[in-house]
Chemist: 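Quick one: the structure is below, questions incoming.
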There are 2 protein chains.
Amino acid sequence: MEERLPRDKDPDSEARGRLLAAATDLFARKGYAATAVREIVAAAGVSPPVLYYHFGNKEGLFLELMREAWGDFESTVDAALGETGSARDRLLRLASQVVDLFRAHVGVARVMNSIYYGPPQGAPAFDFDSCHTKFRQAILGLVQEGVSGGEFRPGQVGDMAWAIIGAINIAMEIELCHPELSLGPEGLLRVLHLIFRGIEAPRVGPEEEAL
Amino acid sequence: MEERLPRDKDPDSEARGRLLAAATDLFARKGYAATAVREIVAAAGVSPPVLYYHFGNKEGLFLELMREAWGDFESTVDAALGETGSARDRLLRLASQVVDLFRAHVGVARVMNSIYYGPPQGAPAFDFDSCHTKFRQAILGLVQEGVSGGEFRPGQVGDMAWAIIGAINIAMEIELCHPELSLGPEGLLRVLHLIFRGIEAPRVGPEEEAL
DNA sequence: GTCTATACAATGATAGAC
DNA sequence: GTCTATCATTGTATAGAC
């Protein structure tokens, strides 16, 4: 047979990278269990043993994918926490950066999301929980700062954090299932702004009272 | 009396019910693709042909599961929409009832959620989108009423709806991945209340101004 | 309606040549 | 590092008896 494959003498890193990219795409489009090793290697243009050489097995490939994505996420949160400004501004910035990262890696984000909130799909255990907790603690800390500094109402730190996380999650979920409705970076800020300010119309009376 | 047709889906069949329950549990714990027909029938205490007799195949069983869950959800939304009261109260009631339903059927909810936001996992196509859209439209309609009636601020109907949906989704997601942190029925109401009222501390100046 | 037994395709993974 | 060829296992689904 004629040999005209463009992958004749590929450096090792190239096949590895193509496998990671192909797996991300397939896991995101079909799911972990529903994706066969054969499909991954075919999409990457390599033979089965190449996958086992680089990652040990299907689970190893999956874990490597999750590790890289989690590293990106962790860096983003750490960077956002290092910045300065009012609690409100830092919350807005953290939210924007997290959703931007999500938007830039929807594929792997869909996989992580689906396995964290849903069934494991046969995928090996990964500590998604520490990702989630780190993010939750970051938001919680910023809200606490806002309350301590008098920016936010006192006494409902936990509920405030959930409201904000809810807005961030919704922005990401829209990207997953209705990208045509995407809030975009400004939309997320608008929703958060609204949560800070409140939905209800201002009272007409002389002063606002607690309910 | 006329005999039942060979492929009739008998709702009174004991085996049928056990298959549905077993499948819900396994799909929720492992995922659709990762669950073998052999496991389902073993958990239901029947032999493989019983599944094929009642549901045609694995996909048919899955679709039946989704149809029943979607019916429950639709009824809940319709019932909540038929009630009376202020937009605010009706929103709170709809939110509570939807999250209560979710809590009462976490298993099937986890499966639906995971497939809607994530990869299909090899499961057959189901119109989750119309479920989601119906719910979104219900919230949107109630918010619109609130704005028309002067209860809510004008001009941000869409963003308001997302903020509220975000809170409802977060309440459900906590049930999925951190049930020990569950907001409970009161917690959801607290978060929604907060969103209505706003997170920021009231201004000390004479009057609130738009930003 | 339910069983036992089985057909047969697809799966994850490996041996051994180069 | 990568290939071709193949293994053992597990998957969905069915035939035919009762």
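Quick note on labels: first sequence line is chain A, next is B, and so on, each numbered from 1.
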Chemist: Provide, to the nearest angstrom, the distance between the CZ atom belonging to A:F62 and the P atom belonging to C:dA13.
Modeler: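 From A:F62 CZ to C:dA13 P: 14 Å.
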Chemist: Going by ring-ring contact (aromatic ring centres under 6.0 Å, His included), name the residues that satisfy it together with B:Y117, two or more places apart in sequence or in a different chain.
Modeler: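 B:Y117: no ring-ring contact (aromatic ring centres under 6.0 Å, His included) contacts found.
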Chemist: Nearest 0.5 angstrom please: B:L142 CG to B:M160 CE, how far?
Modeler: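 That separation rounds to 13.5 Å.
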Chemist: A:Y53 has a side chain; which of C:dT2, D:dT2, C:dC3 sits nearest to it?
Modeler: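 Comparing C:dT2, D:dT2, C:dC3 against the side chain of A:Y53, the answer is D:dT2.
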Chemist: Any donor-acceptor pair under 3.5 Å linking the side chain of B:R88 with the backbone of B:G146?
Modeler: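 A pair under 3.5 Å: no.
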Chemist: Centroid separation under 6.0 Å, is that true for the rings of B:F196 and B:F152?
Modeler: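 Aromatic pair counts; centres sit under 6.0 Å.
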Chemist: Write down the distance between CG (A:L19) and C1' (D:dG1), rounded to a whole number of angstrom.
Modeler: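 Between C1' of D:dG1 and CG of A:L19: 12 Å.
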Chemist: Determine whether a donor-acceptor pair (N or O, by modelled atom type, separation under 3.5 Å) exists between the side chain of A:R90 and the backbone of A:E83.
Modeler: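 Such a contact is found between A:R90 side chain and A:E83 backbone.
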Chemist: Where along nucleotides 7-13 of chain D does protein come under 4.0 Å, by heavy atom, of base (B) or sugar-phosphate alone (S), with - for untouched nucleotides?
Modeler: ----BBB
Chemist: Can you tell me how far C1' of C:dT11 sits from NZ of A:K30, to the nearest Å?
Modeler: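 A:K30 atom NZ is separated from C:dT11 atom C1' by 12 Å.
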Chemist: Parallel under 30°, tilted from 30 to 60°, perpendicular over 60°: which one fits the rings of B:Y32 and B:F62?
Modeler: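 Correct class here is perpendicular.
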